[in-house]
Amino acid sequence: MRDDQYYIQYCIQHIEAKLDWGPSNLWHNDMFVELSERIQQETKVLLSPVTLKRVWGRIAYSGVPSITTLNTLAQFSGFENWRDFKGSIPKKTGSGLLKKIQSNLGIIMLSASVMTVVFISFFSLKGVPSEKEPIDASKVIFKSRPITQGLPNSVVFDVDLQEIDSDSIHIQQYWDPKKTISLTKHQKQATGQYYFPGYFRAKLLVEGEVIKQHDLFIKTEGWLGTLDYGPIPKYFEASKVHINKLSFPEEAFTEIISNEKPLTSTFHMVKAFDSISGDNFELHSVLKNTYNEVWAVCQKTSIIVLGTKGAMVVTLGIPGCASELWVMMNDTFMNGKKHDLSDLGLDLSTKQQIHLKVEKKMLRVSSGNKTLFQGEYAETLGRIAGIRYRFLGAGEIYQSTLSNLKGDTRINFMEAK
């Protein structure tokens, strides 16, 4: 398997070219989560973000990927399996190259000596170029403000870049490095487009390095429903989806069931909840998945808690699809292929009461008196910034109540219009 490291690097290059997300050494944790989801959609195999980080060398790991992982990466790259991928890559030629170097070692050494003299002479005449002074970030202005309420939304970035002497200045709107805006030194403003609500981290980059960053909050006006087409979703305002319960209108449901490819729908409630910590809260939900045909037979349903510093995702499904389920607790990811998540398998065609309780970074998921999942994480979620309910297909929400553990703050989202 040692020789596979040679081919793994080629496979990584294939995938990075396919994604076009920029240098992988700049990838944020959310990008590996996104890659995990995309691989699962295309190959039907779930590789966790942790596994992907190991393959990409972002987590120290002395072993080699399993053949299942390699086959999955090869399939995502457009090949039948790992053997098929390896057959498309040129064989290693290290031994032949080494022989050529050894046979011409004298010429190489002589050339190196001559080049050394040339460089010394050149720099003695021209002088050693002075290094650029480091940028004083305190003198750089980088602010943002949404233009309007609701979605889609444009954001105005106010900048003062006079302290920066570079031809490579960009604003990265959020985790995806493709969503960047190019700037010139004398530019004072720029605008960016946002299609989904959320809590984002906008970054000012100079020659690929982050100089300044700040949080950017795109809120909803009450509940917002979306059919999650990419990159631009279809929107349904609160008046269309929130009438005693959360549900999509008939026109949206018809569109979902007529779609030949898997389509998710989401209810969003994104706003500031400064008094409720993402590490100590309770969320009571009553929900049902209303579509189980064709590609939605597993009735996958996700409860997503957005924090100012991370996110939590609990995925539910029918009992027979337990291996497709997963839980993300900010920096901790568990999937049904490597962990027994069978208790998260429920009959979602009927109403289910789901209770999430987080206390001191310990998550407990329960339904009635039965515990469905328990786990813990290390990195804080920060303050709660929103709730999402996502369905593969469509679903309905009958109750959504958020409270802190002290009991002095309780928000009934179903009353929020």
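No hydrogens, no waters, no symmetry mates; every other heavy atom, side chains included, goes into these values.
Residue E209 places its CD atom among 12 or fewer non-hydrogen atoms of other residues, nucleotides or ligands, all under 6.0 Å distant. Other residues, nucleotides and ligands contribute at most 12 non-hydrogen atoms within 6.0 Å of the CD atom of E80. For NZ of K188, the number of neighbouring non-hydrogen atoms (other residues, nucleotides, ligands) closer than 6.0 Å is greater than 12. With a 6.0 Å radius and a threshold of 12 heavy atoms from other residues, nucleotides or ligands, K185 has its NZ atom above the threshold. Within 6.0 Å of CG on D167 lie no more than 12 heavy atoms contributed by other residues, nucleotides or ligands.
Here side chain to side chain donor-acceptor pair (under 3.5 Å) pairs that include residues 297-315, with residues two or more places apart or in two chains, are N289-T301, S302-T315. Here side chain to side chain donor-acceptor pair (under 3.5 Å) pairs that include residues 374-389, with residues two or more places apart or in two chains, are H268-R388, D274-R383, D279-Y377, D279-T380, S285-Y389, Y389-S400.
Listed here is the closest heavy atom pair of F413 and H242: O-CE1, 4.0 Å. Taking every heavy atom of both residues into account, K351 and V286 meet most closely at CB-CG1, 4.2 Å. Here the shortest heavy-atom pairing between F157 and G192 reads CE1-N, 4.1 Å. Residues L392 and T264 approach most closely at CD1-CG2, 4.1 Å, considering heavy atoms. Minimum heavy-atom separation, I181 to A190: CG2-CB, 4.0 Å. When all heavy atoms of P152 and Y195 are compared, the closest pair comes out as CB-CD2, 3.8 Å.
Rounding to the nearest 0.5 Å gives a distance of 9.5 Å between CD1 of I8 and OG1 of T69. Taking CE of M31 as the start and CZ of R58 as the end, the distance is 9.0 Å to the nearest 0.5 Å. Interatomic distance, C321 SG to L316 CG, rounded to the nearest 0.5 Å: 12.0 Å. Here the NZ-CG distance, from K338 to L46, works out to 9.0 Å after rounding to the nearest 0.5 Å. To the nearest 0.5 angstrom, F79 atom CZ is 8.5 Å from C11 atom SG. Here CE of M312 is found 5.0 Å from CG of L381. Values are rounded to the nearest 0.5 Å.
Among residues two or more places apart in sequence or in another chain, the side chain to side chain donor-acceptor pair (under 3.5 Å) test is passed with H170 by S182. With sequence neighbours excluded, the residues forming a side-chain contact (heavy atoms from CB on, under 4.5 Å) with E255 are L227, Y229, K234, listed by chain and number. Applying the side chain to side chain donor-acceptor pair (under 3.5 Å) test to E324 and every residue at least two apart in sequence or in another chain returns Q40, K337.
Between Y7 and L70 there is no side-chain heavy-atom pair separated by less than 4.5 Å. For the pair T72/F76, no side-chain contact is recorded, criterion being any heavy-atom separation below 4.5 Å from C-beta on. Between V327 and L344, some side-chain heavy-atom pair lies under the 4.5 Å cut-off. Residues L346 and I354 are in side-chain contact: their nearest non-hydrogen atoms beyond the backbone lie under 4.5 Å apart. I171 has its side chain within reach of L204: a pair of non-hydrogen atoms, C-beta onward, lies under 4.5 Å apart. Counting only heavy atoms from C-beta outward, the side chains of I384 and Y199 never approach each other to under 4.5 Å. Between M414 and I397 the shortest side-chain heavy-atom distance falls below 4.5 Å. The shortest side-chain heavy-atom distance between V294 and E260 does not fall under the 4.5 Å cut-off.
Judged purely by atom type and a 3.5 angstrom limit, S36 uses its side chain to pair as donor or acceptor with the backbone of L47. Using a distance-only test at 3.5 Å, with no hydrogens or angles considered, a donor-acceptor pair links the side chain of D160 to the main chain of Q162. Distance alone, capped at 3.5 Å, places no donor-acceptor pair between the T371 side chain and the F373 backbone. A donor-acceptor pair is defined here as one N or O able to donate and one able to accept, closer than 3.5 Å; such a pair exists between the side chain of N71 and the backbone of W82. With K357 contributing its side chain and R364 its backbone, the two residues share no donor-acceptor pair below 3.5 Å. Using modelled atom types, one side-chain atom of W295 and one backbone atom of N259 make a donor-acceptor pair closer than 3.5 Å. For S247 (side chain) and E396 (main-chain N/O), no donor-acceptor pair under 3.5 Å exists by modelled atom type.
Side-chain N/O atoms of Q75 and T43 include no donor and acceptor closer than 3.5 Å. Between the side chains of E16 and W27, not a single donor N or O lies within less than 3.5 Å of an accepting N or O. A donor and an acceptor atom, one from each side chain of Q353 and S367, are nowhere located under 3.5 Å apart.
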Under the side chain to side chain contact (heavy atoms under 4.5 Å, CB included) rule, what do T191 and Q189 come out as? Steps first, then yes or no, please. CA-CA 7 Å; T191 59; Q189 289 184 324; over 6 Å; no
Determine, step by step, whether F196 and D228 satisfy the side chain to side chain contact (heavy atoms under 4.5 Å, CB included) criterion, reporting the C-alpha distance in whole Å, the side-chain angles of both residues, the deciding distance to 0.1 Å, and the verdict. CA-CA 9 Å; F196 284 95; D228 301 331; 3.8 Å; yes
Test side chain to side chain contact (heavy atoms under 4.5 Å, CB included) on L287 and L348; report intermediate values, then the result. CA-CA 8 Å; L287 52 81; L348 294 173; 4.1 Å; yes
Checking side chain to side chain contact (heavy atoms under 4.5 Å, CB included) for the pair F267/I387: CA distance, chi angles, key distance, verdict? CA-CA 8 Å; F267 298 113; I387 305 295; over 6 Å; no
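Close placement of the F248 and F236 rings is indicated, their centers lying within 6.0 Å of each other. Between F273 and F281, the distance separating the two ring centers is not shorter than 6.0 angstrom.
Between Y10 and Y6, the ring planes are perpendicular. Angles over 60° get that label, and only those under 30° would be called parallel. In this structure, F85 and H14 have perpendicular ring planes: the angle between them is above 60°, well past the 30° mark.
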Result block: side-chain N/O donor-acceptor pairs under 3.5 angstrom for residues 144-151, not counting sequence neighbours:
{"residue": "S144", "atom": "OG", "partner": "H214", "partner atom": "NE2", "Å": "2.7"}
{"residue": "R145", "atom": "NE", "partner": "D158", "partner atom": "OD2", "Å": "3.1"}

